Peer 1: 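Have a look at this one.
Heavy-atom basis, side chains included; hydrogens, waters and symmetry copies ignored. Because the structure is a prediction, the values reported are computed rather than measured. Here is how names work: the chains are called A, B, and so on, in the same order as the sequence lines, proteins then strands, and each is numbered from 1.
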Amino acid sequence: MKSKNLQVIYVMWLREMKRFLRAKSRVIGTIAMPFFFLISFGFGMRQGFNLPGMPQMNYLNFLVPGIIGMTMLFNSMFAGISVLWDREFGFLKEILVAPVKRFAIVLGRIAGGITTALIQAILILILSLFIGFKISNPLGIILAILFMILIGIGFIGLGVALASILETMESFGVINQLIIFPTFLLSGAFFPVTNFPGFLRPIVLIDPLTYGVDGLRASLIGFSQFPLILDLVILLIFGLLMVALGSWLFNKTEI
Amino acid sequence: MLAIETKNLTKEFNGLKAVDNISLEVKEGEIFGLLGPNGAGKTTTIKMLATLLAPTKGEAKVCGFDILKQRDEVRNSIGIVFQEPALDNRLTGYENLDFHARLYGLDTQTRKKRIEKVLNLVELQEKANVLVINYSGGMQRRLEIARGLMHYPKVLFLDEPTLGLDPQTRHRIWDYILLLNQKEKITVILTTHYMEEADYLCQRVGIIDFGKIVALNTPQNLKNILGGDVITIEAFPPQKAFDALKIFSWVLKISQHNDIINLNVQEGERKIPLLMEIDQKEAGFMIKSINLRKPTLEDVFLHFTGRTIRETDAGQSEKLKRMRHRVRR
């Protein structure tokens, strides 16, 4: 890749970092939600988590990877969809009129979004250690970060793609209700995917976050419902597809 | 060489023609104005030339580069100051400029030098490290203009550069634009619906209405089309004066209304001395007062569209308003 494109990626990343570090309320706000989920479900359902055909386990241990997946999902989608904000506040014009490859702009946004999402997900991971979460194998953290990055790439790409098609801020609510929440609720973040009835299974199985959460569980607590390699391959394909789709649609964007 | 060349440039939104078969040429080094009311198609034209919108029909070249086939080259040659704010207000003024400079691939040293230079130019050095969200409208405007100049574009588009600014700031910005044009040889294309702005800055003006260029010439020639200047003379006795004045070949039209005589002439300021040379005693009348009125671009706009620009702004049809909304987004 030419150094000019790297410069574009860097400047997009730098901008995101500056904005992130200044928006303290945003950081607190986005961490608070997963953290409350963690506390309420983690403690509320401590008892009575025993599934046929599965090893007995502490629900908190089961839940934490799901919440980390959720943190990555929310922050990544927001990072992708922030194209809508840039459009609304006019800054998108400044970006689009510049003599740079649109693909590099999308990659820059992904780099920035992943960094901020990772920071928050890792903060959640650290917080969960204080309330009793046990990592089965410390080396698994590296693998877990890989999974977080893959989740990030895919959903930021999806966010950019959606923002490029929808073009208005009002559509953000729709995306939130119709895509982000179902993706999260059906991913097995809260319960094993085997608990869902048959008619929901296809949706669960095409939900990319299912494999993200499963992969995170495999890396952090050594429990998974799919083979680790399957999780990796599916997320990799999802990521590549979404980056291609997002770049393609973003490239066609007009003001 | 031509800075801008368009042929039958057309843009439709849902079947409505926002820009209708515009063909124009702008020379290198020129300050060219597109004058027209809101919704006339000025911004849409600029956006097409800046590669932000694809035309429905027709073609255009900027610095010899095709706006569809050579987008990167076009983008490399232009700077643009948008009508609506296009700043990141969560960054400081300096950071906005730095972002821009990096995006345009300036190296560290050039970057620092240019930022300092343009900040000085728009007198924002002291506010450089303040978040843009805390800037006033005028300061934001100046920052945007500074940003548009940073990479020394060959062609600078200014979309309503002084819209909503106070007169003092407006004049400062006009002077910056003239300075840039003269010192850096930057071609400037500006849109405006302020008559005095077009008059003050532009070497040539295209009057645009409902997406069409209805007149295109130097401001002076446009005004001359109206039949030149009007000299109003108060004289006694008026009839004698009327008879004495009507014989001059440079008087294009003469009319009398009580004590007042109106003369239509070209270059009125050169005709006043001629009036003074008349031997009033011999002709038997006395001139009490002389008043010269030059037509404004406002008169020109009225002449070509049948409406004043303010009437047009106020009374646009609903259809156009909706279209405008779409165009702005």
Peer 1: What part of A/Leu14 gets closer than 4.5 Å to chain B, counting heavy atoms only: side chain, backbone, both or neither?
Peer 2: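 For A/Leu14, side-chain heavy atoms alone lie under 4.5 Å from chain B.
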Peer 1: Looking at B/Leu131, B/Thr51, B/Asn89, B/Leu91, which has the largest count of heavy-atom pairs under 4.5 Å with chain A?
Peer 2: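 Sorted descending by pairs with chain A, the first entry is B/Leu91.
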Peer 1: A/Phe78 vs A/Phe74 aromatic rings, parallel, tilted or perpendicular, using cut-offs 30° and 60°?
Peer 2: perpendicular
Peer 1: Select one option (side chain, backbone, both, neither) describing which atoms of B/His151 are under 4.5 Å from chain A's heavy atoms.
Peer 2: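 Contact with chain A involves no heavy atom of B/His151 at all.
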Peer 1: side-chain contact (heavy atoms from CB on, under 4.5 Å) between B/Lys57 and B/Asn21: does it pass, once the steps are laid out?
Peer 2: CA-CA 8 Å; B/Lys57 218 181 72 192; B/Asn21 274 299; 3.8 Å; yes
Peer 1: Which atoms of B/Leu52 are under 4.5 Å from chain A, going by heavy atoms: the side chain, the backbone, both sets, or neither?
Peer 2: both
Peer 1: Within a 6.0 Å radius of atom CD on B/Glu184, are there more than 12 heavy atoms belonging to other residues, nucleotides or ligands?
Peer 2: yes
Peer 1: Any side-chain donor-acceptor pair under 3.5 Å between B/Gln83 and B/Thr43?
Peer 2: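 Yes, B/Thr43 and B/Gln83 have a side-chain donor paired with an acceptor closer than 3.5 Å.
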Peer 1: Is A/Gln7 close to chain B through its backbone or its side chain, or both, or neither, when contacts mean heavy atoms under 4.5 Å?
Peer 2: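 Side chain only.
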Peer 1: Let me know if B/Phe99 has heavy atoms under 4.5 Å from chain A in its side chain, its backbone, both or neither.
Peer 2: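 Its backbone and side chain both get close to chain A.
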Peer 1: As an exercise: rank A/Thr253, A/Asp86, A/Leu96, A/Ile105 by heavy-atom pairs under 4.5 Å with chain B and give me the winner.
Peer 2: A/Leu96
Peer 1: Counting heavy-atom pairs under 4.5 Å with chain A, which one of B/Arg90, B/Glu95, B/Glu144 comes out on top?
Peer 2: B/Glu95
Peer 1: Picking from A/Lys4, A/Arg102, A/Lys101, what satisfies salt bridge (charged side-chain N to carboxylate O under 4.0 Å, His left out) with B/Asp72?
Peer 2: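 Only match with B/Asp72 under salt bridge (charged side-chain N to carboxylate O under 4.0 Å, His left out): A/Lys101.
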Peer 1: Can you see whether A/Arg19 engages A/Thr116 through a side-chain donor-acceptor pair at a distance of less than 3.5 angstrom?
Peer 2: no
